[in-house]
Amino acid sequence: MQEMNKIIVAITGASGAIYAKLLLDKLLTIHDQWQELGVVMSNNARQIWETELDNTDYKNYTVTYYDKYDFNAPFASGSAQYNIMIIVPCSMGTLGRIASGISDDLVTRAADVILKERRKLILAIRDTPYNLIHIKNMEAVALAGGIICPASPSFYSKPGSVEELAGTVVNRILDLCGFKINSFRWGSNSDL
């Protein structure tokens, strides 16, 4: 019997709250594919969510939230066996701290744990353009086993709304996690 996924979603203070919202929405529709879901959301992420989405709907999700400095959270240790961490959107500051091995909060500690345990870390970076420091930080995380997944939407599926456009990024993230989802597939006449 295959073990169920245990997932950490970290929402940092970069622009792109829509990606976090759509990811949480989609994860809740595929609950049969995961066992546990822990969410860490920074104060800046809350402020950006409220600014960009004009709501506080993050309070309404039936997930377990952990404080950014709660080092007693289960995924602060590899022994809890969380196997997927998604940081969406991932700020360049968070990327830099992960790349440097600085575990100064629960997000960076959990990312460090995921990397050291050789599990799946996906960073949906949102900032653009990149400077050389950003690029070297992405390289360091990729060399350590992380996946850099820029929040760059695709247009193959001819999205008709901002949500559908942002959904192309979320679907890509979920594909990288190995989840079975309905999504546009290049070269196919229909969805999955």
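We're numbering straight along the sequence, starting at 1.
Leu121 and Leu23 sit in two unconnected hydrophobic clusters of ILVMFWY residues. Membership requires side-chain heavy atoms under 4.5 Å apart, directly or through other members. One hydrophobic cluster, built from ILVMFWY side chains closer than 4.5 Å, holds both Val170 and Met41. Phe179 and Leu123 fall into different hydrophobic clusters, defined by Ile, Leu, Val, Met, Phe, Trp and Tyr side-chain heavy atoms under 4.5 Å apart, directly or through other members. No chain of hydrophobic side-chain contacts below 4.5 Å, direct or via other Ile, Leu, Val, Met, Phe, Trp or Tyr residues, connects Ile84 to Ile125. Hydrophobic clustering (side-chain heavy atoms under 4.5 Å, transitive across Ile, Leu, Val, Met, Phe, Trp, Tyr) groups Leu22 together with Tyr65.
When all heavy atoms of Ile11 and Pro89 are compared, the closest pair comes out as CG2-CD, 4.1 Å. Of all the heavy atoms in Thr168 and Pro153, the pair that sits closest is OG1-CA, 3.3 Å. The shortest heavy-atom contact between Gly146 and Leu115 is N-CD2, 3.6 Å. When all heavy atoms of Ser154 and Leu165 are compared, the pair lying nearest together is O-CD1, 3.6 Å.
In this structure, the side chain of Asn83 does not engage the main chain of Lys120 through any donor-acceptor pair within 3.5 Å. When atom types are taken as modelled, the side chain of Asn55 and the backbone of Leu53 share a donor-acceptor pair closer than 3.5 angstrom. A donor-acceptor pair under 3.5 Å is formed between the side chain of Glu52 and the backbone N or O of Ala17. Remark: side-chain polar atoms of Arg126 are not paired, donor with acceptor, to backbone N or O of Gly16 under 3.5 angstrom. Side-chain atoms of Thr12 come within 3.5 Å of backbone atoms of Ser91 as a donor-acceptor pair (strictly under, hydrogens ignored). In this structure, Asn137 contributes its side chain and Leu95 its backbone to no donor-acceptor pair below 3.5 Å. No side-chain donor-acceptor contact under 3.5 Å links Asn5 to the backbone of Ile7. Between the side chain of Thr94 and the backbone N or O of Cys90, no donor-acceptor pair lies under 3.5 Å.
No side-chain heavy atom of Met85 sits less than 4.5 Å from a side-chain heavy atom of Arg119. Side-chain contact between Val9 and Val40: absent, with no pair of heavy atoms (C-beta onward) separated by less than 4.5 Å. Taking the side chain as every heavy atom from C-beta outward, Leu28 and Tyr61 approach each other to under 4.5 Å. Proximity of Glu139 to Ile135: side-chain heavy atoms (C-beta onward) are nowhere separated by under 4.5 Å. Under the 4.5 Å side-chain criterion, counting only non-hydrogen atoms from C-beta, Asp112 is not in contact with Ile98. The shortest distance between side-chain heavy atoms of Val88 and Val169 does not fall below 4.5 Å.
Rounded to the nearest 0.5 Å, atoms CD1 (Ile86) and CG (Leu27) are 5.5 Å apart. Rounded to the nearest 0.5 angstrom, Glu36 CD and Met4 CE are separated by 10.5 Å. To the nearest 0.5 angstrom, Leu176 atom CG is 5.0 Å from Ile122 atom CD1. How far CG of Asp32 is from OG1 of Thr29: 8.5 Å, rounded to the nearest 0.5 Å. Rounding to the nearest 0.5 Å gives a distance of 10.5 Å between CG of Asn182 and CD1 of Ile30. In this structure, Ile87 CD1 and Ile8 CD1 are separated by 9.0 Å, a value rounded to the nearest 0.5 Å.
Glu50 pairs by the salt bridge (charged side-chain N to carboxylate O under 4.0 Å, His left out) definition with nothing, not counting sequence neighbours. Taking the side-chain contact (heavy atoms from CB on, under 4.5 Å) definition, one finds that Val113 meets it with Arg109, Lys116, Glu117, sequence neighbours left out. Every residue was checked against the salt bridge (charged side-chain N to carboxylate O under 4.0 Å, His left out) condition with Asp57, not counting sequence neighbours, and none meets it. Checked against side-chain contact (heavy atoms from CB on, under 4.5 Å), Thr64 has the following partners two or more places apart in sequence or in another chain: Tyr66. Listed by chain and number, the residues in a ring pair (Phe, Tyr, Trp, His ring centres under 6.0 Å) with Tyr19 amount to none (sequence neighbours excluded).
Residues in residues 8-28 take part in these salt bridge (Lys or Arg N to Asp or Glu O under 4.0 Å) pairs, two or more places apart or across chains: Lys21-Asp25. Listed by first then second residue, pairs satisfying ring-ring contact (aromatic ring centres under 6.0 Å, His included) with a partner in residues 139-176 read Tyr156-Trp186, not counting sequence neighbours. Evaluation of the salt bridge (Lys or Arg N to Asp or Glu O under 4.0 Å) test over residues 74-99, restricted to residues two or more places apart or in two chains, returns Arg97-Asp104. The salt bridge (Lys or Arg N to Asp or Glu O under 4.0 Å) analysis of residues 150-176, with sequence neighbours excluded, yields the pairs Asp175-Arg185. The list of ring-ring contact (aromatic ring centres under 6.0 Å, His included) pairs with a residue in residues 27-57, not counting sequence neighbours, reads His31-Trp34, Trp49-Tyr58. Listed by first then second residue, pairs satisfying ring-ring contact (aromatic ring centres under 6.0 Å, His included) with a partner in residues 114-144 number zero, not counting sequence neighbours. Residue pairs meeting the ring-ring contact (aromatic ring centres under 6.0 Å, His included) criterion with at least one partner in residues 80-122, sequence neighbours excluded, are Phe75-Tyr82.
Counting non-hydrogen atoms of neighbouring residues, nucleotides and ligands closer than 6.0 angstrom, the CD1 atom of Ile102 exceeds 12 such neighbours.
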Exercise for review: Any chance you could lay out the side chain to side chain contact (heavy atoms under 4.5 Å, CB included) test for Val107 and Ser42, step after step, and finish with the verdict?
Suggested key: CA-CA 9 Å; Val107 173; Ser42 71; over 6 Å; no

